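Heads up, the thing below is written out as C-alpha cells.
All heavy atoms count here, side chains included; hydrogens, waters and symmetry mates do not. In this text the structure is predicted, and so the values were computed from the model without any measurement.
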Amino acid sequence: MALFRIDRQSSLPAGEAWRRLTAWERHADVVPLTRVTVRTPPPSGEGTVFVARTGLGPAGFDDVMEVVTWRPAAEGGGLCRLEKRGSFVTGWAEIEVSSRAGAGSTVAWREDLRVRWLPRVFDGMLVAAARWMFGRAVDGLLSSPPPRPFP
C-alpha cells in the first residue's frame, strides 16, 4: 500500500480549480506517456468511468477508474473519490478542493496506490515516485489554460 497526500495552494477560485482537476482527458497533458479515455458520456459525476493508458505502444498498462463520490466545488469546495478498478493498478484517489480565506483555493490529493506483483518492500519508492508524478500533474492542471466548458 502506497498512501500519500499532496497539498497545494492556488490563486484560482475553488470552482475553477475543481473544473481543471476533474477534466479527466486533460490529465494526459500532464502525465508522461499517458492517454486518457472517458468511457461514459459527459458530464462527470458518480458512475463516470475513465481509463488512463500509460506506456509505449503495446507495452503499457490501463489504470481504470470510477467516480464513486462526486460533490462539485461551488463557493465552498468539493470532493471527488475515484476507485481504481484495473487488474494492475488498484486503490483509490480523492481530490478535495476548498476555498481559502481571502482568495484562492486549497487542493488536497490523497491516494492509496497499489501495483499488483510489486512487493511491499518497494512501497517507499512507489510513494516517492507517485508523490513527484502526481504533484507535477496537479501543478500542471492548475496552471494550464482552463478546459472548454461542456455545452
Side-chain angles (χ1 to χ4, degrees), residues 1-54 61-86 88-115 118 120 122-151:
M1 170 174 68
L3 185 61
F4 63 94
R5 179 182 172 128
I6 298 163
D7 293 295
R8 294 291 189 266
Q9 303 289 316
S10 174
S11 61
L12 297 171
E16 181 60 23
W18 172 267
R19 196 165 73 90
R20 291 183 187 198
L21 292 168
T22 60
W24 309 122
E25 295 93 343
R26 294 182 72 239
H27 285 235
D29 297 340
V30 295
V31 179
L33 304 174
T34 299
R35 178 177 74 243
V36 177
T37 305
V38 179
R39 291 185 174 169
T40 49
S44 285
E46 286 183 17
T48 295
V49 175
F50 59 98
V51 180
R53 171 81 182 162
T54 301
F61 63 91
D62 291 339
D63 185 2
V64 180
M65 291 166 267
E66 180 180 354
V67 176
V68 296
T69 301
W70 182 261
R71 292 194 301 255
E75 293 301 315
L79 174 70
C80 174
R81 182 178 173 97
L82 307 167
E83 294 288 336
K84 294 176 172 281
R85 309 266 193 225
F88 184 66
V89 178
T90 62
W92 53 265
E94 290 180 342
I95 302 166
E96 187 171 9
V97 179
S98 56
S99 292
R100 200 172 49 181
S105 57
T106 300
V107 172
W109 182 298
R110 294 176 290 275
E111 189 152 346
D112 176 7
L113 183 62
R114 298 176 193 155
V115 177
L118 186 68
R120 297 216 182 263
F122 294 105
D123 282 356
M125 289 190 308
L126 181 59
V127 165
R131 187 176 284 136
W132 175 80
M133 183 182 73
F134 286 104
R136 280 188 71 238
V138 169
D139 293 343
L141 290 166
L142 291 173
S143 65
S144 64
R148 292 184 335 182
F150 179 72

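- W70 pairs by the ring pair (Phe, Tyr, Trp, His ring centres under 6.0 Å) definition with W18, not counting sequence neighbours.
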Residues V115, F88; criterion side-chain contact (heavy atoms from CB on, under 4.5 Å); working and verdict:
CA-CA 6 Å; V115 177; F88 184 66; 3.5 Å; yes
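- Atom CG of L113 sits about 10.0 Å away from atom CG of L3, to the nearest 0.5 Å.
- The shortest heavy-atom contact between S105 and A17 is OG-CB, 3.6 Å.
- How far CD of E25 is from OG of S44: 7.5 Å, rounded to the nearest 0.5 Å.
- The ring pair (Phe, Tyr, Trp, His ring centres under 6.0 Å) search around F134 returns F4, W109, not counting sequence neighbours.
- Using a 4.5 Å heavy-atom threshold, the side chains of T34 and H27 count as separate.
- Here salt bridge (charged side-chain N to carboxylate O under 4.0 Å, His left out) pairs that include residues 88-103, with residues two or more places apart or in two chains, are R81-E94, E94-R110, E96-R110.
- Here D29 contributes atom CG and R35 contributes atom CZ; the two are 13.5 Å apart, rounded to the nearest 0.5 Å.
- Rounding to the nearest 0.5 Å gives a distance of 10.0 Å between CD1 of I6 and CD1 of I95.
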Under 3.5 Å, sequence neighbours excluded: what are the donor-acceptor pairs made by side chains of residues 61-68?
from, atom 1, to, atom 2, distance (Å)
D62, OD1, R53, NH1, 3.2
D63, OD1, K84, NZ, 3.4
D63, OD2, K84, NZ, 2.7
E66, OE1, R85, NE, 3.1
E66, OE1, R85, NH2, 3.3

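- Under the 4.5 Å side-chain criterion, counting only non-hydrogen atoms from C-beta, W92 is not in contact with L82.
- Contact of the L142 side chain with the L21 side chain is registered, since non-hydrogen atoms from C-beta on lie closer than 4.5 Å.
- Listed by chain and number, the residues in a side-chain contact (heavy atoms from CB on, under 4.5 Å) with T40 are V38, T48, V49 (sequence neighbours excluded).
- Across V97 and A14, no two heavy atoms sit closer than the pair CG1-O, 3.4 Å.
- Heavy atoms only, all atoms of each residue included: A108 and D7 are closest at CB-OD1, 3.6 Å.
- The list of salt bridge (charged side-chain N to carboxylate O under 4.0 Å, His left out) pairs with a residue in residues 128-142, not counting sequence neighbours, reads R8-D139.
- Distance check, rounded to the nearest 0.5 Å: CG of L118 to CG of L126 gives 6.0 Å.
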